Amino acid sequence: MLADEGNRQMLSLVFQAKAGTLVVVDGGWDSDSVHLLEVIKQKGGHVSGWFITHPHSDHAGALVEILNNPDSGITIDGIYYSLAEQSWYDSHGAGREEFVNTFRQALDKVPAENLHGDIQKGQEIQLGEIKIMVLNNPYLLEETSVNNSSVVYKIYMNGVSTMVLGDLGPEGGQKLLGEYTQDVLQSDIVQMSHLGQYGVNKDVYAAINAQVALWPCPLWLWNNDNG
């Protein structure tokens, strides 16, 4: 779990299996791309799969910056995501819909065979020693809309399971809880949804029943310094 570079909240996760397979989830802001690239290069420079939870700049901004830089020095086999129609973001984006267009434009620079924008609920993606299970299609809700559209991934690696919730909100969390039994949701590690603030409800975390929580937030958010 990478730290932020600008004292802002974001999500950037890098998974590497014992045999070397490398997977990235989200990546953070555009300003986080330099550190993220350093980490990826230290781990071999080859990303087997890059998974996006939802198109917000604190999650997908670094990937956009990297795709727009042909001299990044890394290779990416596949980018995995699920987007709604642009018209939905235009009406539900809360002022951040333009980033979705920026994200789409960056993806246009990637060879079509490397783009996997058609992932579906229940799909299992095997990349070397890492298995990624897609738990939902984006929930297109009226409440905290783009956050609630986060795709949830359950990642199995080295005998450990990690639940990545993205920015899923209370409403999306309840839909997820209603679609799966606890034996599917239970995970060893959980990423705190929406950086631990106004994410899924407690009953979702109870069902996941993780032993470790990844809580990616800057110190001001941890301390609740904004009142």
Side-chain angles (χ1 to χ4, degrees), residues 1-4 7-15 23-29 51-60 81-82 84 92-94 96 119-124 131-227:
M1 181 171 64
L2 275 62
D4 65 283
N7 199 29
R8 297 187 291 180
Q9 58 198 61
M10 63 86 165
L11 179 64
S12 182
L13 299 174
V14 176
F15 295 80
V23 164
V24 177
V25 179
D26 285 350
W29 296 90
F51 291 79
I52 294 294
T53 60
H54 66 296
H56 270 162
S57 50
D58 58 331
H59 291 256
Y81 57 96
S82 182
H92 293 82
R96 291 189 281 180
I119 58 174
Q120 295 289 323
K121 172 186 173 182
Q123 183 177 351
E124 293 186 359
K131 182 174 75 172
I132 301 93
M133 181 177 178
V134 180
L135 289 191
N136 65 305
N137 298 323
Y139 301 126
L140 304 183
L141 307 176
E142 294 301 315
E143 306 87 1
T144 55
S145 299
V146 181
N147 283 347
N148 263 323
S149 75
S150 295
V151 176
V152 177
Y153 301 108
K154 187 171 182 180
I155 299 176
Y156 300 84
M157 183 185 74
N158 300 341
V160 176
S161 59
T162 301
M163 184 74 75
V164 178
L165 295 170
D167 276 355
L168 201 65
E171 302 82 10
Q174 293 309 116
K175 291 184 72 67
L176 184 73
L177 192 61
E179 292 178 10
Y180 290 100
T181 56
Q182 185 170 0
D183 63 316
V184 177
L185 294 175
Q186 193 284 320
S187 305
D188 301 303
I189 301 171
V190 64
Q191 168 251 321
M192 300 297 285
S193 180
H194 198 211
L195 305 316
Q197 55 173 344
Y198 194 63
V200 301
N201 291 329
K202 184 178 179 180
D203 54 355
V204 178
Y205 289 119
I208 296 171
N209 193 30
Q211 300 302 302
V212 175
L214 302 178
W215 199 327
C217 64
L219 191 60
W220 62 265
L221 179 54
W222 177 266
N223 290 332
N224 195 28
D225 288 340
N226 67 347

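In this text the structure is predicted, and so the values were computed from the model without any measurement.
- Between the S82 side chain and the N137 main chain, no donor and acceptor come within less than 3.5 Å of each other.
- Listed by chain and number, the residues in a side-chain hydrogen bond (donor to acceptor under 3.5 Å, both in side chains) with Y205 amount to none (sequence neighbours excluded).
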(request) Go through D167 and L195 one step at a time and tell me if the side chain to side chain contact (heavy atoms under 4.5 Å, CB included) criterion holds. (result) CA-CA 7 Å; D167 276 355; L195 305 316; 3.8 Å; yes

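- Counting only distance, with no hydrogens or angles, the side chain of D26 and the backbone of T53 share a donor-acceptor pair below 3.5 Å.
- The ring-ring contact (aromatic ring centres under 6.0 Å, His included) search around H194 returns none, not counting sequence neighbours.
- Here OH of Y180 is found 12.0 Å from CD1 of I208. Values are rounded to the nearest 0.5 Å.
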(message) Applying side chain to side chain contact (heavy atoms under 4.5 Å, CB included) to T162 and V190, what does each step give before you reach the verdict?
(response) CA-CA 6 Å; T162 301; V190 64; over 6 Å; no

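- Remark: F51 engages Y80, Y153 in a ring-ring contact (aromatic ring centres under 6.0 Å, His included) (not counting sequence neighbours).
- Looking at W220, its side chain does come within 3.5 Å of a backbone N or O of N7 through a donor-acceptor pair.
- Of the inter-residue distances, the one linking Q182 atom CD with N209 atom CG reads 6.0 Å to the nearest 0.5 angstrom.
- The CD1 atom of I52 sits 11.0 Å away from the OG atom of S150 when rounded to the nearest 0.5 Å.
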Which donor-acceptor pairs under 3.5 Å do side chains of residues 196-203 form with protein atoms, sequence neighbours excluded?
residue, atom, partner, partner atom, Å
Q197, NE2, Q9, OE1, 3.2
N201, ND2, Q174, OE1, 3.4
D203, OD2, Q174, NE2, 3.4

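- A side chain to side chain contact (heavy atoms under 4.5 Å, CB included) with L11 is found for exactly one of H54, H56, M192, Q191, namely Q191.
- D188 places a side-chain N or O within donor-acceptor distance of the main-chain N or O of S161, the cut-off being under 3.5 Å.
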(message) Is there a side chain to side chain contact (heavy atoms under 4.5 Å, CB included) between L176 and L165? Walk through the geometry before answering.
(response) CA-CA 10 Å; L176 184 73; L165 295 170; 4.3 Å; yes

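- Side chains of L2 and L13 form no contact here, defined as non-hydrogen atoms less than 4.5 Å apart.
- Between E124 atom CD and I132 atom CD1 the span is 10.0 Å, to the nearest 0.5 Å.
- Residues satisfying the side chain to side chain contact (heavy atoms under 4.5 Å, CB included) criterion with Q211, sequence neighbours excluded, are absent altogether.
- Rounded to the nearest 0.5 Å, atoms CE (M163) and CD (Q186) are 8.5 Å apart.
- Nearest approach of H92 to S145, heavy atoms of both residues: CD2-OG, 3.4 Å.
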(request) Under the side chain to side chain contact (heavy atoms under 4.5 Å, CB included) rule, what do V146 and R96 come out as? Steps first, then yes or no, please. (result) CA-CA 9 Å; V146 181; R96 291 189 281 180; over 6 Å; no

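- Looking at every heavy atom in both residues, V204 comes nearest to G173 through CG2-O, 3.5 Å.
- In terms of heavy atoms, S187 sits closest to K154 at OG-CE, 3.4 Å.
- L135 contributes atom CG, which lies 7.0 Å from atom CG of L185 (distance to the nearest 0.5 angstrom).
- For the pair N136 (side chain) and V152 (backbone), a donor-acceptor distance under 3.5 Å is present.
- For N148, the side-chain hydrogen bond (donor to acceptor under 3.5 Å, both in side chains) criterion is met by T144, E171, not counting sequence neighbours.
- Shortest non-hydrogen contact noted between I119 and Y81 is CG1-O, 3.2 Å.
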